[in-house]
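Below is one structure; the comments refer to it alone.
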Amino acid sequence: MDHAIRLKRLKFRAWHRGVREADLMIGGFFDAHHLDWSAEELDWFEALLEEQDVDIMGWAIGSIPCPPEWDGAMMQAMRGLNYVQVPK
């Protein structure tokens, strides 16, 4: 798949989770970091989007333990996100 098309699809999926809070956290994380991601990091994020929103949010805020397969540099970056630009 073309890289630009892949990014557009990931952005849409990140910002259209079905719950506003998840949209802001996951979509905001994508917007803040995707330009610096390698192909492997894009793969990680794409796979993460298959998980339940409540799980992703719980792992990111630390309210539930994060499984080892998701706990790494990318999840640490998500945990460090402290500001999200809300699209108009």
Side-chain angles (χ1 to χ4, degrees):
M1 177 184 311
D2 177 77
H3 184 71
I5 292 171
R6 185 179 187 196
L7 288 176
K8 285 180 185 179
R9 288 182 62 179
L10 289 174
K11 180 174 184 152
F12 182 86
R13 290 184 62 207
W15 275 104
H16 294 87
R17 303 299 298 174
V19 176
R20 187 66 176 153
E21 292 82 358
D23 293 348
L24 292 169
M25 177 181 277
I26 299 166
F29 175 66
F30 176 85
D31 284 354
H33 295 285
H34 78 278
L35 293 176
D36 300 324
W37 289 345
S38 66
E40 293 80 21
E41 290 168 325
L42 284 171
D43 290 344
W44 180 93
F45 186 73
E46 191 167 31
L48 181 73
L49 293 178
E50 298 300 322
E51 298 294 329
Q52 296 294 315
D53 294 343
V54 295
D55 292 332
I56 297 169
M57 293 176 66
W59 301 334
I61 64 173
S63 63
I64 58 174
C66 186
E69 65 266 28
W70 298 115
D71 202 10
M74 293 282 285
M75 186 57 68
Q76 290 298 324
M78 185 178 277
R79 288 179 183 135
L81 190 64
N82 63 5
Y83 176 78
V84 172
Q85 180 69 39
V86 178
K88 295 180 182 185

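All figures in this text were calculated on a predicted structure; none of them were measured in a lab.
Taken to the nearest 0.5 Å, the CD1 atom of Ile56 stands 4.0 Å off from the CG atom of Leu48. Distance CD1/Ile26 to CG/Leu49: 6.5 Å, rounded to 0.5 Å. A distance of 14.5 Å separates CE of Met57 from CD of Glu51, quoted to the nearest 0.5 Å. In this structure, the separation between CD on Glu40 and CG on Asp43 is 6.5 Å, given to the nearest 0.5 Å. Taking CD of Glu41 as the reference point, atom CD of Glu46 lies at 14.0 Å (rounded to 0.5 Å). To the nearest 0.5 Å, the span separating CG on Leu24 from CG on Asp31 amounts to 10.5 Å.
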Just do the side chain to side chain contact (heavy atoms under 4.5 Å, CB included) check on Met74 and Met78 with the steps written out, would you?
-> CA-CA 6 Å; Met74 293 282 285; Met78 185 178 277; over 6 Å; no
Pair Asp2-Arg9, salt bridge (Lys or Arg N to Asp or Glu O under 4.0 Å): steps then yes or no = CA-CA 11 Å; Asp2 177 77; Arg9 288 182 62 179; over 6 Å; no
Evaluation steps, side chain to side chain contact (heavy atoms under 4.5 Å, CB included), between Asp53 and Met25 = CA-CA 10 Å; Asp53 294 343; Met25 177 181 277; over 6 Å; no
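For the residue pair Arg6 and Ala39, the shortest heavy atom distance occurs at NH1-O, 4.2 Å. The minimum heavy-atom distance linking Cys66 with Arg79 is given by the pair CB-NH2, 3.3 Å. Nearest heavy atoms, Trp15 versus Gly27: NE1-O, 3.2 Å.
With hydrophobic clusters built from ILVMFWY side chains whose heavy atoms lie under 4.5 angstrom apart, Ile64 shares a cluster with Leu81.
The aromatic rings of Trp44 and Phe29 lie perpendicular to each other, with more than 60° between the two planes, well past the 30° mark. Between Trp37 and His34, the two ring planes are perpendicular [angle over 60°; tilted spans 30° to 60°].
The shortest side-chain heavy-atom distance between Trp59 and Pro65 does not fall under the 4.5 Å cut-off. Between Leu7 and Leu35 there is no side-chain heavy-atom pair separated by less than 4.5 Å. A heavy-atom distance below 4.5 Å is not found between the side chains of Lys11 and His16.
Side-chain atoms of Trp70 and Asp55 include no donor-acceptor pair closer than 3.5 Å.
Without hydrogens or angle criteria, Asp23 side chain to Arg17 main chain gives a donor-acceptor distance under 3.5 Å.
For Gln52, the CD atom is loosely surrounded, since the number of other residues' heavy atoms within 6.0 Å does not exceed 12.
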